[in-house]
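Keep in mind the model is a prediction, meaning the values are calculated, not measured. Whatever order the structure lists ligands and atoms in, that order sets their numbers, starting from 1.
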Amino acid sequence: MQLIDGKATAAQIKAEIAEEVQQIVAAGGKRPHLAAILVGHDGGSETYVKNKVLACEACGFKSTLLRFEDNISEEELLAEVDKLNRDADVDGFIVQLPLPKHISEQKVIEAIDYRKDVDGFHPINVGRMAIGLPCYISATPKGILELLKRYNIETSGKKCVVLGRSNIVGKPMAQLMMQKQYGDATVTVCHSHSRDLKKECREADIIIAAIGQPDFVTADMVKEGATVIDVGTTRVPDASRKSGFRLNGDVKFDEVAPKCAFITPVPGGVGPMTICMLMKNTLSAGKKEFYSE
Ligand code: GUN
């Protein structure tokens with residue numbers, strides 16, 4: 001069994017990005033600039049956004065954090081999005097989700113200029129991704145593809161089961177694993193209403209678990225020699241931790257790991273790669289790699 005070290009891989013990629021930024025700036029080019037909008041004080045969102053700002057520093061990017069209280073109106077938030085759309089210095093930006101109940105996340109996502117949508121959530125980017133055109137690909141599936149590539153894990157022609165059908169992970173992951181230019185695999189998507197989910201998993205060469213249910217994938221669901229990618233990051237109470245919680249994956253790691261060829265741990269697997277891929281998308285935005293104007 002080989003552990004897939006997302007933390008080390010992410011550190012290496014951030015160093016590669018920083019090197020490229022240095023060259024861009026040395027040649028008189030513009031330092032990439034990422035802006036983030038954070039609404040309210042959700043603990044998870046605070047941590048993610050803080051880590052995104054730190055990652056920007058590590059990559060040599062400029063970053064701007066715009067904070068608003070959770071009583072901001074939808075109209076006011078849409079006006080902030082519009083300001084960022086029109087700010088020529090900002091190459092890309094994100095609106096951290098979830099948003100308060102009175103604000104339509106979909107409306108906000110669709111208000112973002114798709115050319116600055118480094119999260120890859122806008123329907124234009126999602127649609128372009130689905131038909132294999134250049135675009136921003138959302139960070140978690142992009143990070144998983146990068147891990148599979150860097151660990152030389154064969155995906156072409158393999159059976160891949162994606163557990164979960166969220167817009168952010170499950171759906172784009174299944175799309176990408178299916179496409180010739182990325183995974184080139186035979187893909188099955190399983191979800192809460194799937195019959196024979198265990199059987200599907202047992203037949204899989206690669207399982208990508210993104211259902212948000214701690215310890216859902218057990219040893220009896222995994223084929224000997226499979227690769228298991230764990231996207232779960234549920235906060236479970238843990239009195240022994242200073243924070244009062246720990247992150248728990250969707251995979252029962254201790255019993256599943258011995259059966260695997262490759263497996264990602266939680267934390268330190270997919271998580272660090274997600275932020276790192278946001279940095280890659282921001283670098284692409286700075287270079288106007290996908291959209292020229
Ligand atoms: N909330 C959880 N994951 C994400 C993400 O990748 N981007 C944004 N904007 N919000 C999130």
Asker: Decide whether an N or O pair under 3.5 Å exists between Asp119 and ligand 1.
Answerer: yes
Asker: More than 12 foreign heavy atoms under 6.0 Å from NZ of Lys107: is that the case here?
Answerer: no
Asker: Give me the nearest non-hydrogen protein atom to atom 10 (N) of ligand 1 as residue plus atom name, then the distance to 0.1 Å.
Answerer: Leu97 N, 3.0 Å
Asker: Would you kindly say whether His41 and Glu46 are connected by a side-chain donor-acceptor distance under 3.5 Å?
Answerer: yes
Asker: Is a salt bridge present between Asp82 and Arg86, judged by a nitrogen-to-oxygen distance below 4.0 Å?
Answerer: yes
Asker: If you have a sec, work out which protein heavy atom is nearest atom 11 (C) of ligand 1 and how many Å separate them, to one decimal?
Answerer: Gln96 NE2, 3.3 Å
Asker: Are Ile137 and Tyr291 connected into the same hydrophobic cluster when the rule is that any two of I, L, V, M, F, W, Y join if their side-chain heavy atoms are below 4.5 Å apart?
Answerer: yes
Asker: Please examine the side chains of Val256 and Ile263, heavy atoms only from C-beta on, and report whether any two atoms are closer than 4.5 Å.
Answerer: yes
Asker: Ligand 1 and Val95, any nitrogen or oxygen pair closer than 3.5 angstrom?
Answerer: yes
Asker: Under 4.0 Å, heavy-atom basis, I'd like to know which part of Phe121 is in contact with ligand 1: side chain, backbone, both or neither.
Answerer: side chain
